[in-house]
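Report on the structure given below.
Note: hydrogens, waters and symmetry copies are ignored here, and every other heavy atom, side chains too, is used.
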Amino acid sequence: MTTLDQPTATVVVSRDRPVRRELGVANTLSHGFLLLWGLLTVLPLLWMFISSFKTNGEILADPWGLPGALHLDNWARAWTGAHIGRYFLNSLVVVTGSVTLTMLMGATAAYVFARYEFRGRQVVYYLFVGGLMFPVFLALVPLFFVVRNAGLFNSWRGLILVYAAYSLPFTVFFLTAFFRTLPTSVAEAALVDGCGHFRLFFRVMLPMARPGMISVAIFNFLSHWNQFLLPQVLLQGDESKWMLAQGLFALSVSQGYAGDYARLFAGLSIAVLPVLAIYVAFQRQVQAGLTAGQLK
């Protein structure tokens with residue numbers, strides 16, 4: 001028995017070596033690609049932050065060097081002189097309202113599509129998901145007239161509603177798949193204990209869907225925060241209502257001709273900081289939300 005087992009063992013080991021070697025090469029290539037992608041993403045941001053603390057002379061003379069001193073006045077001039085602080089607060093109000101409205105409507109619709117059977121459910125669901133196929137550019141002209149005729153032109157309310165409408169297809173699509181992964185036994189037990197449908201959703205199912213809700217909310221926040229085209233079309237004339245993207249565009253044009261690149265980099269850094277802070281704070285929840293459906 002011992003002599004018969006030895007050749008078999010050697011054959012198995014010899015077959016495993018090429019597979020392990022291929023896996024090692026694939027891991028090396030994937031890690032190298034991820035490292036390269038990380039450098040391409042981090043280095044421009046790092047250069048932007050460093051340049052925001054330099055003077056205009058240092059930026060032009062030595063764009064890749066470190067600042068001789070931290071010139072915090074660049075941030076102050078961008079916040080007050082370029083009105084970045086006002087645009088920042090405007091964007092914060094609009095994005096908070098739009099994300100809240102999107103998550104409330106999207107979560108309720110996705111829960112119904114995932115947990116209830118009714119006639120025409122698939123048709124309505126595919127109508128929601130079909131919105132993912134239409135880019136914003138195709139609807140700019142009719143959207144302009146619809147918002148203007150509704151009396152919502154040049155107002156934050158109109159912009160909040162438009163943001164929510166364009167975010168609903170992705171929100172419903174993502175959360176419907178996530179709600180389907182939640183255990184049915186918990187919902188049945190809550191109904192047996194006398195819990196109504198509204199309490200079941202808000203008190204039981206919604207807390208269980210927290211990883212998915214956080215993931216979708218972050219994606220919607222990033223999309224709304226970086227949106228430029230819709231505010232440019234729906235908010236015209238009154239600069240006091242501009243969003244941050246509009247203010248940064250005006251700052252880049254004016255400061256590009258004026259040569260005040262330090263204030264421009266400071267304004268860009270102020271716009272990027274909330275995005276980085278939210279990602280760093282909720283990166284584990286985002287990963288958990290994206291992998292929860294696959295793990296279950």
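- Other residues, nucleotides and ligands contribute over 12 non-hydrogen atoms within 6.0 Å of the OH atom of Tyr125.
- Paired with Phe128 under the rule ring-ring contact (aromatic ring centres under 6.0 Å, His included), one option of Phe113, Phe173, Phe174, Phe170 passes, and it is Phe113.
- In the model, Ser52 has a side-chain atom that pairs as donor or acceptor with a side-chain atom of Trp75 under 3.5 Å.
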Practice task
With side chain to side chain contact (heavy atoms under 4.5 Å, CB included) as the test, would you mind laying out the steps for Val216 and Leu175 before giving the verdict?
Solution key: CA-CA 8 Å; Val216 179; Leu175 291 181; 3.9 Å; yes

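- Annotation: Arg121, atom CZ; neighbour count of heavy atoms from other residues, nucleotides and ligands within 6.0 Å is above 12.
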Handout entry: Test side chain to side chain contact (heavy atoms under 4.5 Å, CB included) applied to Val204 and Arg199, step by step
Key = CA-CA 7 Å; Val204 179; Arg199 290 185 60 190; over 6 Å; no

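- Considering every non-hydrogen atom in both Ala217 and Val99, the closest pair reads O-CG1, 4.2 Å.
- Shown here for Leu70 and Pro67, the closest heavy-atom pair between the two residues is CD2-CG, 4.4 Å.
- Environment of CZ in Phe228: crowded, with over 12 heavy atoms of neighbouring residues, nucleotides or ligands closer than 6.0 Å.
- Side-chain contact between Glu58 and Leu66: absent, with no pair of heavy atoms (C-beta onward) separated by less than 4.5 Å.
- Side-chain atoms of Asn90 do not come within 3.5 Å of backbone N or O of Met243 as any donor-acceptor pair.
- Annotation: side chain of Ser215 is not in contact with side chain of Phe178 (no heavy-atom distance under 4.5 Å).
- For Asn56 (side chain) and Ala262 (main-chain N/O), a donor-acceptor pair under 3.5 Å exists by modelled atom type.
- In the hydrophobic cluster analysis, where Ile, Leu, Val, Met, Phe, Trp and Tyr join through side-chain heavy atoms closer than 4.5 angstrom, Phe145 is grouped together with Leu161.
- Using a 4.5 Å heavy-atom cutoff, the side chains of Leu235 and Gln246 are in contact.
- How far CZ of Arg115 is from OG1 of Thr176: 11.5 Å, rounded to the nearest 0.5 Å.
- A distance of 9.0 Å separates CG of Leu248 from CD1 of Ile270, quoted to the nearest 0.5 Å.
- A 4.5 Å side-chain heavy-atom check between Cys195 and Arg203 finds every atom pair outside the cut-off.
- No side-chain heavy atom of Asn154 sits under 4.5 Å from any side-chain heavy atom of Arg148.
- No donor-acceptor pair under 3.5 Å is formed between the side chain of Ser223 and the backbone N or O of Phe219.
- Residues Tyr116 and His197 have side chains in contact (heavy-atom distance under 4.5 Å, counting atoms from C-beta outward).
- The environment of Phe88 atom CZ is dense: over 12 non-hydrogen atoms of other residues, nucleotides or ligands sit within 6.0 angstrom.
- Between the side chain of Lys54 and the backbone N or O of Gly65, at least one donor-acceptor pair lies under 3.5 Å.
- Distance alone, capped at 3.5 Å, is enough to place a donor-acceptor pair between the Thr108 side chain and the Met105 backbone.
- In this structure, CG in Leu222 is found 7.0 Å from CD1 in Ile278, a value given to the nearest 0.5 Å.
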Exercise for the section: For the pair Arg86 and Trp242, evaluate side chain to side chain contact (heavy atoms under 4.5 Å, CB included) and give the outcome as yes or no after the intermediate values. Expected result: CA-CA 8 Å; Arg86 178 198 302 169; Trp242 278 8; over 6 Å; no

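- Hydrophobic clustering (ILVMFWY, side-chain heavy atoms < 4.5 Å, transitive): Leu168 and Leu138 are in distinct clusters.
- Counting all heavy atoms, side chain and backbone alike, Ala209 lies closest to Phe179 at CB-CE2, 3.6 Å.
- For the pair Tyr163 and Thr102, the minimum side-chain heavy-atom distance is 4.5 Å or more.
- Here the closest non-hydrogen pair linking Pro169 and Ala165 is CD-O, 3.4 Å.
- Within 6.0 Å of CZ in Phe137 there are 12 or fewer heavy atoms belonging to other residues, nucleotides or ligands.
- Cluster annotation: Val93 is connected to Ile160 through the hydrophobic network of ILVMFWY side chains, with a link wherever side-chain heavy atoms come within less than 4.5 Å.
- A single hydrophobic cluster is seen to contain both Phe144 and Val147, as judged by linkage of ILVMFWY side chains at heavy-atom distances under 4.5 Å, directly or through other members.
- If you take CZ on Arg77 and CG on Leu264, they are separated by 11.0 Å, rounding to the nearest 0.5 Å.
- Distance alone, capped at 3.5 Å, places no donor-acceptor pair between the Arg157 side chain and the Leu152 backbone.
- Rounding to the nearest 0.5 Å places CG of Leu200 at 6.0 Å from CE of Met205.
- A donor-acceptor pair is defined here as one N or O able to donate and one able to accept, closer than 3.5 Å; no such pair exists between the side chain of Trp156 and the backbone of Ser91.
- Interatomic distance, CD1 of Ile50 versus CG of Leu45, reported as 11.0 Å (0.5 Å rounding).
- Counted within 6.0 Å of CZ on Phe118, heavy atoms from surrounding residues, nucleotides or ligands total more than 12; the atom is thus considered enclosed.
- Listed here is the closest heavy atom pair of Ala78 and Gly267: CB-N, 3.8 Å.
- Counting heavy atoms from C-beta outward, Gln227 and Val95 have side chains that stay 4.5 Å or more apart.
- Each of Trp47, Phe53, Phe49 was compared with Phe265 under the ring-ring contact (aromatic ring centres under 6.0 Å, His included) criterion, and only Trp47 meets it.
- Under the 4.5 Å side-chain heavy-atom criterion for ILVMFWY residues, a single connected hydrophobic cluster contains both Val275 and Ile218.
- The shortest heavy-atom contact between Arg263 and Leu251 is O-CD2, 4.0 Å.
- Between the side chains of His71 and Thr55, no donor-acceptor pair is found at a separation under 3.5 Å.
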